[in-house]
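Here is the structure we will look at, set down as structure tokens.
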There are 2 protein chains.
Amino acid sequence: MTAPGEAARPKPARRPTIKDIARRAGVSESAVSFALNDRPGVSQDTRARVRRVAEELGWQANSAARALSGERAGALGLVLARPAQTLGVESFFLQLVSGIQEVLSARKIALLFQVVEDLGTECALYRRWWAERRVDGVLVVDPRTEDPRPQLLTALGLPAVVIGGPAAPAAVAPHPDAAAPAAPPPDAAAQPPLATVWADDAKAMARILDHLYGLGHRRIVHVAGLPGLAHTERRIRSLRTEAALRGLDARHVRSVTTDYSDAEGAEATRRLLDAARPPTAIIYDNDVMAVAGTAVAAGRGIPVPAALSIVAWDDSALCRVTHPRLTALVRDTPGFGRLAAQELLAVLDGGPHRTVQGELPHLEARESTGPCPHD
Amino acid sequence: MTAPGEAARPKPARRPTIKDIARRAGVSESAVSFALNDRPGVSQDTRARVRRVAEELGWQANSAARALSGERAGALGLVLARPAQTLGVESFFLQLVSGIQEVLSARKIALLFQVVEDLGTECALYRRWWAERRVDGVLVVDPRTEDPRPQLLTALGLPAVVIGGPAAPAAVAPHPDAAAPAAPPPDAAAQPPLATVWADDAKAMARILDHLYGLGHRRIVHVAGLPGLAHTERRIRSLRTEAALRGLDARHVRSVTTDYSDAEGAEATRRLLDAARPPTAIIYDNDVMAVAGTAVAAGRGIPVPAALSIVAWDDSALCRVTHPRLTALVRDTPGFGRLAAQELLAVLDGGPHRTVQGELPHLEARESTGPCPHD
DNA sequence: TCCTCGGACTTAACCGCATTAGTGCGCTCA
DNA sequence: TGAGCGCACTAATGCGGTTAAGTCCGAGGA
């Protein structure tokens, strides 16, 4: 009656429990529990013996049982809300996840990773995870200016760390360089106090502008990503501020927004190059658009960097396979993930909701940026 | 005594349990369990009432409790063994994961996704997940010719589906077109009978060769990926078979292996173009190498496709941002993920270990392939 | 009329671990 | 000398479900 291929299925080996350990070590189950969890109540001798037996048996705590009694699921969640099409050309997320897991796996904490279509589904998923007690906390990515998630998570009491927030870091920790009185946006105070790790986009933008300004560029356009995202707005604001600091004309140094796709990146580039006075330098908010923009320039016979300089915000293999190779802003993304994971663990351990800052990115100058051409 | 930012932390709302439902519905806890799990033993009336109350309370089963008693973790695992550097330029994985989750989330099954450095760590992780009963099964990616994972998983009794295996589909389901007596490799029989979803790389390769052969190309090199991977070997074998079928010279139609990186893809391309009789067409095993190869050609002033045709195995935004846009083999990767997830669920439900085949990819002809130049 | 049968529930046991409340024992000290 | 104490350990309970084993009751058959 068994289907082909089913016949040989072996009976799964029974996994050892603390009861097995208790029997072999000649103690009670609770003594085993004490011994294995570093709690007082057992002698050094017994503790060592129990540990040895557990080792021999290859015992690992049943995560469900531990979760049920210990009130900890031993898992964290990360949801990525992205339409399926736009998925995966960026290296950012896998690297972030990789960094996060480096921290988690050392503490035997699992990561539930889920890709969903939109923000609504993401919120529904948080509710479900919360109700099912699947996770002890979540890492929130792609914070937005109008974001329902912090409020939801606060209401649920689900510990969280926002990666890439807050919308206005200046309001939390005033940027020493930001002499210009950049008024904190009205929603800054309204944000529930979730723990946050953030990157100093203002300083990063300053570095890019230093580089381009130093090369003589005065007409610089920033091809940004999705307008709703917090870091997009932050970068746009930073560009304005930094341009003003250098006395640059706001009509020639400005941002345009896209959906991060190669198609919109290319389209934006075409429009920019069609203008009466096209920019001499373009900053793209991700690697994919930068490559697409470079291809557009190549298609029109516009030499890079002789006639147009290009900078990619975020490095990846892509930036090295184009011709010429792209000058890019290099971030330690796995490091950022590690930082976020550590913060979340700290919150779970009862720590305060802090706002910590990731390492500053640096600009890797390659062949796509050069001196500004003379008109 | 509370740290700043901690003061406002709300007491988490208590999540409802079946006990709450039982009280409100005026029945016992087990009646609730029966009602909510579609088991006989309660009247239609009671069932409806219990359901309504559960709905009102927003009840969701505590996954830990269910796992503990029901022997099902309600989660599956997927491990990606990749060195951190090579992470994330391919769109394949996120799309695969997205497809998998489409199937899983409908059944409220979570996915544990983990990125590790190597195969040894991956195996250790399977052991841990098994011992901790974290997952009910796993999806195995990147099968290799010498792969310790199937044996381990079989020994553990951890249900699994291999994505992209087996090494020799011909041995399982003879390819009708494969008239050439391609001897099944020795390890084919040694493979434990894990469930498998696979793509017909032989047919895909045939399509690519049809295209290139039809354009007159007779010197074709396949820049393959990592030599240890099953699908790499399969594609290499397919190229040989298909070349022989068309009477092509094995010295001019051959494969070289790389590590999938842009660097090795570019390096391989340089070597090929340096040869006395360089190929007139190159097939790259992923999009990143194809783009890198195109850049090398551009750097040497070799026009594509006038002097060199290029095909990418796997499509992505990358193939559309180069100049010219790359002819690519388009696969329905999310669909492949859905298929794999369905197979694993079938196995968990006691089904047989089948070997099912994914949809055939098609070749999207773009501007990077053209008629073979005359020598 | 009595007994049986089965549907609709309830009770109780259990999953594997953490944790709290004992228990027995040797030692100290009034 | 016996109350008091601390230590090492055991017994018992609970987490929130599932499930096997009753219990109750009304309908149907002999």
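Just so you know, these numbers use all the heavy atoms, side chains as well, and skip hydrogens, waters and symmetry mates. Naming convention: chains lettered A, B, ... in sequence-line order (proteins, then strands); numbering from 1 in each chain.
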Do the charged groups of A:Arg144 and A:Glu146 touch, with an N to O distance under 4.0 Å?
no
Selection: residues 29-48 of chain B, any non-hydrogen atom under 4.0 Å of DNA chain C
B:Ser30, B:Ala31, B:Phe34, B:Gly41, B:Val42, B:Ser43, B:Thr46
Contacts to DNA chain C from residues 56-67 of chain B, heavy-atom cutoff under 4.0 Å, which residues?
none
With a 4.0 Å cut-off on heavy atoms, is B:Thr17 in touch with a base, just the backbone sugar-phosphate, or nothing at all?
sugar-phosphate
Closer than 4.0 Å, any side-chain N/O of B:Ser28 to the OP1 or OP2 of C:dT10?
yes
Roughly how far, to the nearest 0.5 Å, is CD of B:Glu102 from CD of B:Gln342?
9.5 Å
Atom pair distance, as rounded to whole Å: [atom1] in [X] and [atom2] in [N]:
X	N	atom1	atom2	value
B:Lys19	D:dC15	NZ	C1'	9 Å
B:Arg23	D:dG17	CZ	P	12 Å
A:Ile18	D:dT10	CD1	C1'	13 Å
A:Arg72	C:dC17	CZ	C1'	16 Å

Can you tell me if B:Asp136 uses its side chain to pair, donor with acceptor, with the backbone of B:Arg72 under 3.5 Å?
no
Pairwise 5' ranking along DNA chain C for A:Ser69 and B:Gly26, keeping only the more 5' one:
B:Gly26
Residues in side-chain hydrogen bond (donor to acceptor under 3.5 Å, both in side chains) contact with A:Thr17, at least two apart in sequence or another chain
none
